[in-house]
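Following: one structure in structure tokens, then a few remarks.
All ligand and atom numbering here is 1-based and tracks the order in the structure. Residue numbers count from 1 along this sequence.
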Amino acid sequence: MDFLSRTRYVPMNRRRRIYEGKGKILYEGPEPGTLIQHFKDDATAFNNKKHEIVDGKGVLNNRISEFIFNHLNEIGIPTHFLRRMNMREQLIREVEMIPLEVVVRNVAAGSLSKRLGLDEGTPLPRSIIEFYYKNDALDDPMVSEEHITAFGWCAPQEMDDIMALAIRVNDFLSGLFLGAGIRLVDFKIECGRLWEGDMMRIVVADEISPDSCRLWDIQSNEKMDKDRFRRDLGGMLEAYQEVARRLGIINDTDRPIGGGPVLVK
Ligand code: TMP
Ligand code: ASP
């Protein structure tokens, strides 16, 4: 499968690599101002302390993220996404990334539960936005609006734009997943500055996938996201596949993506 997706897009090793992260690679795009975002099969958690290859994860995240970003574009939420190119790659606009992870929470889980001693699954009185400074050496520490504007990572007006975007994405995604029988517990987005001549606007960038969301089955509360990997629950790929199936991205007759449930070290 990898062989096919690579040979069809030959220039892979001749393309200029702009950036390689834990889960994705960015290549120079076909036109100025564009990039190619390549989804790897690497699953990482706890800042790469836990790392495995999950055959097919990149393909699923590419498709799920495409689906979500297309919808966001359609409803007028600006994003970097242009179009999917192949199984693992999408064409995006080049943006100046803002070094923040913007987390929106609807239900207590993960680090919030730990920090405040809340049972996982406790509904929050209202949606809460948190910011984490993207810095591997520091393990992405939580920061406040004060830190962000004082250190100049973002201007105050940009913070307002980011929060407005985060709330709109939350409203849209909550409804989308609810319709698929899934509760959106929390998620993370990253934003960038898109320059168009002298004009700049903040857009949603990176990816939105089960790697960056907490998704629980509405009936059983079963986890359908990267917590399956973080917490060694097994069945990560099947869960991602089920998310894609419920969103109508893949159907029952589709050939299983990847080599099935086998985790390869
Ligand atoms: P947390 O509870 O660990 O702070 O995670 C909150 C949400 O952010 C959860 O949906 C997972 C997502 N997330 C990422 O996408 N990347 C990260 O590095 C972390 C820590 C969380
Ligand atoms: N994405 C982060 C990592 O690779 C952490 C996480 O998602 O849990 O370490």
Side-chain angles (χ1 to χ4, degrees), residues 19-26 37 39-54 57-58 60-62 64-65 68-69 79 97-124 127-144 162-163 165-167 169-174 176-178 182-192 204-217 221-233 236-237 239-240 243 263 265:
Y19 168 84
E20 175 152 7
K22 288 177 287 225
K24 292 188 295 290
I25 308 173
L26 295 179
Q37 176 163 260
F39 287 75
K40 303 195 284 188
D41 277 340
D42 298 60
T44 71
F46 317 117
N47 198 11
N48 225 7
K49 285 181 201 77
K50 190 171 159 68
H51 181 195
E52 278 170 29
I53 304 296
V54 180
K57 182 177 82 85
L60 281 163
N61 280 353
N62 185 25
I64 294 170
S65 201
I68 291 172
F69 276 80
T79 81
M97 289 303 290
I98 293 164
L100 296 176
E101 302 209 332
V102 180
V103 170
V104 182
R105 302 179 185 273
N106 300 306
V107 175
S111 69
L112 178 72
S113 286
K114 213 170 183 179
R115 193 178 312 117
L116 300 185
L118 296 168
D119 284 339
E120 287 203 311
T122 310
L124 298 172
S127 302
I128 293 174
I129 309 181
E130 296 173 347
F131 303 98
Y132 295 83
Y133 177 47
K134 267 181 83 82
N135 183 314
D136 280 342
L138 300 175
D139 269 340
D140 298 351
M142 189 173 172
V143 290
S144 74
I162 290 173
M163 284 191 273
L165 277 180
I167 294 300
V169 173
N170 186 45
D171 288 345
F172 170 73
L173 284 185
S174 296
L176 177 79
F177 283 119
L178 196 59
I182 295 170
R183 174 176 300 123
L184 179 65
V185 171
D186 55 34
F187 66 94
K188 181 265 300 182
I189 56 169
E190 295 182 29
C191 298
V204 183
D206 194 57
E207 71 176 286
I208 301 177
S209 72
D211 268 10
S212 55
C213 301
R214 280 199 177 88
L215 305 170
W216 294 1
D217 180 81
N221 281 334
E222 206 188 349
K223 297 183 196 330
M224 306 176 72
D225 56 63
K226 193 171 159 188
D227 272 346
R228 300 214 69 86
F229 170 75
R230 294 191 191 97
R231 302 181 185 192
D232 293 317
L233 301 172
M236 180 199 208
L237 198 76
Y240 285 30
V243 171
L263 294 184
K265 285 256 183 235

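Judged by distance alone, with hydrogens and angles left aside, the side-chain atoms of Asp41 form a donor-acceptor pair with the main-chain N or O of Gly58 at under 3.5 Å.
Residues Val54 and Tyr240 form no side-chain contact, since every pair of their non-hydrogen atoms from C-beta on lies 4.5 Å or further apart. With contacts defined as side-chain heavy-atom distances shorter than 4.5 Å, the pair Asp206/Lys24 qualifies. Here the side chains of Phe131 and Ser144 are not in contact, with every heavy-atom distance at 4.5 Å or above. At a threshold of 4.5 Å between non-hydrogen side-chain atoms, the residues Phe177 and Ile68 count as touching.
Nearest non-hydrogen protein atom to atom 7 (C) of ligand 1 is Asp186 OD1, 3.6 Å. Among protein heavy atoms, atom 4 (O) of ligand 1 sits closest to Ser111 OG, 2.6 Å.
Shown here, atom 9 (C) of ligand 1 is in close reach of the protein: a heavy atom of it lies under 4.0 Å off.
Remark: Lys50 is positioned above the aromatic ring of Phe229, its terminal NZ or CZ atom under 6.0 angstrom from the ring centre and at most 45 degrees off the axis.
Using a 3.5 Å distance cut-off with no hydrogens or angles, the side chains of Asn106 and Asn170 do pair a donor with an acceptor. No donor-acceptor contact under 3.5 angstrom links the side chains of Arg105 and Ser113, judged on distance only.
Under 4.0 Å from ligand 1, the heavy atoms of Arg230 that appear belong solely to its side chain. Heavy atoms of Lys226 found under 4.0 angstrom from ligand 1: none, in either backbone or side chain. Heavy atoms of Val103 found under 4.0 angstrom from ligand 1 belong exclusively to the side chain.
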N/O pairs closer than 3.5 Å, ligand 2 and protein:
residue: ligand 2; atom: 1 (N); partner: Lys226; partner atom: NZ; Å: 3.3
residue: ligand 2; atom: 4 (O); partner: Thr44; partner atom: OG1; Å: 2.2
residue: ligand 2; atom: 7 (O); partner: Lys226; partner atom: NZ; Å: 2.9
residue: ligand 2; atom: 7 (O); partner: Arg230; partner atom: NH2; Å: 3.1
residue: ligand 2; atom: 8 (O); partner: Arg230; partner atom: NE; Å: 2.7
residue: ligand 2; atom: 9 (O); partner: Phe46; partner atom: N; Å: 3.3
residue: ligand 2; atom: 9 (O); partner: Asn47; partner atom: N; Å: 2.3
residue: ligand 2; atom: 9 (O); partner: Asn48; partner atom: N; Å: 3.1

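Checking Arg105, Arg115, Lys188, Glu101 against atom 17 (C) of ligand 1, the nearest heavy atom belongs to Glu101. Around atom 5 (O) of ligand 1, the closest heavy atom drawn from Lys134, Glu207, Arg214 belongs to Arg214.
Atom numbering of ligand 1 starts at 1 in the shown order; those under 4.0 Å from a heavy atom of Gly110 are 2 (O). Near Phe187, meaning under 4.0 Å from any of its heavy atoms, are these atoms of ligand 1: 10 (O).
For the pair Arg214 and Asp186, the salt-bridge criterion is met [side-chain N within less than 4.0 Å of a carboxylate O]. Between Glu207 and Lys57, none of the side-chain N atoms (NZ, or NE/NH1/NH2) sits under 4.0 Å from a carboxylate O, so this pair counts as no salt bridge.
Remark: Lys114 engages no residue in a side-chain hydrogen bond (donor to acceptor under 3.5 Å, both in side chains) (not counting sequence neighbours).
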